2 protein chains.
Amino acid sequence: MRELDNECCDMRGLLGFLVLFLLSKKPMHGQEIANELAKRRGEKPSPGTIYPALKSLKDLGFLSEEKGGKTITYKLTPKGEKALEIAKKRFTRTFLGVIT
Amino acid sequence: MRELDNECCDMRGLLGFLVLFLLSKKPMHGQEIANELAKRRGEKPSPGTIYPALKSLKDLGFLSEEKGGKTITYKLTPKGEKALEIAKKRFTRTFLGVIT
DNA sequence: TTATATATATCGGACATCCAATATAATTTG
DNA sequence: CAAATTATATTGGATGTCCGATATATATAA
């Protein structure tokens, strides 16, 4: 029951969802995403967490990449936008009333 | 990445949190909780999911029981209320802006 | 050029979550 | 009472998530 443990530091199974959500605000590269996640949950996800997550989302066709020097900027594909909308509906219905 | 799969039917690691939240609205017994969860996420959690979750929350001191005939009504303890408030703060900060 | 820093990538495994199957107990129905 | 129904309980295991360790590549500094 990690979600009720204050020492907990994982995303509780919603990392991919959060990454999609963050990228829907603006395209970012991996470290920017990791830093944004750090602001939200208090701890920065490790490279072994964030890059496999980005790879999964890319493999699902939800993200496209643009390489520029040292970084890779990710943004949502139309398919990714659609997936995010569906996931947001589910999330909203499930957690209705929790965020006041 | 179950949270982005429409066929997905688990609670994505937030079952305990949701149960605490639901019980903060009103005391319920196991089946009532399961039915409420079914309304929110579309599928009723199995007995092997809900009862171990209730036991964990009880073992953490977050719930108290009251037996009545065939059912056991659960309600939050003060400790459970406190844990819920903390978890809600974390949840809100993490998912800020997702629910519009 | 060499050293350092930053960004990305991969893999193995520890751990938690949740379910299917099964069992027990209490109540209701015939 | 016997059968059926409903609620609760347990446990073994399949699966997914995330991290630590490690590696590679690119850019910058000395």
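Order of the sequence lines sets the chain letters (A, B, ...), proteins ahead of strands, with each chain counted from 1. On a predicted model such as this, the values are computed, not experimentally measured, just so you know.
Residues A/Gly68 and A/Lys44 both approach DNA chain D. Their nearest nucleotides, taken by heavy-atom distance, put A/Lys44 toward the 5′ side. When the nearest nucleotides of DNA chain C are assigned to B/Gly48 and A/Pro52 by heavy-atom distance, the more 5′-ward of the two goes with A/Pro52. Mapping A/Lys58 and B/Ser46 onto DNA chain C by nearest heavy atom places A/Lys58 at the nucleotide closer to the 5' end.
Residue A/Glu32 is out of contact with every strand shown, counting any heavy-atom pair closer than 4.0 Å. Across all strands, A/Thr49 comes closer than 4.0 Å to base atoms (heavy-atom distances). The residue A/Leu15 sits close only to the backbone: its heavy atoms come under 4.0 Å of sugar-phosphate atoms, none of a base.
Per the geometry, CG belonging to A/Leu4 stands 13 Å off C1' belonging to C/dA16, to the nearest Å. Residue B/Lys55 contributes atom NZ, which lies 17 Å from atom C1' of C/dC18 at whole-angstrom precision. Atom CZ in B/Arg2 sits about 12 Å away from atom C1' in D/dC18, given to the nearest Å. Going from atom CG of B/Leu54 over to atom C1' of C/dC18 covers 14 Å, rounded to whole Å. Rounded to whole angstrom, the span from the CE atom of A/Met1 across to the P atom of C/dC18 amounts to 8 Å. As rounded to whole Å, 12 Å separates atom C1' of C/dC18 from atom CD of A/Glu3. As rounded to whole Å, 9 Å separates atom C1' of D/dA9 from atom OH of B/Tyr74. Taking atom CD on A/Glu43 and atom P on D/dC18, their separation rounds to 13 Å, with Å as the unit.
When distances run from any side-chain atom of B/Lys70 to the nucleotides C/dT6, D/dT6, C/dT17, the shortest one goes to D/dT6. Out of C/dT17, D/dA9, D/dA7, the shortest distance to the side chain of B/Pro47 is found at D/dA9.
Here the shortest heavy-atom pairing between A/Gly30 and A/Leu54 reads CA-CD1, 4.0 Å.
Not one N or O on the side chain of B/Thr73 forms a donor-acceptor pair closer than 3.5 Å with the backbone of B/Met28.
A side-chain N or O of A/Gln31 and one of A/Lys44 form a donor-acceptor pair less than 3.5 Å apart.
Counting only heavy atoms from C-beta outward, the side chains of A/Leu37 and A/Ile50 approach each other to under 4.5 Å.
Salt bridge status for B/Lys75 with B/Glu66: absent, with no side-chain N to carboxylate O gap under 4.0 Å.
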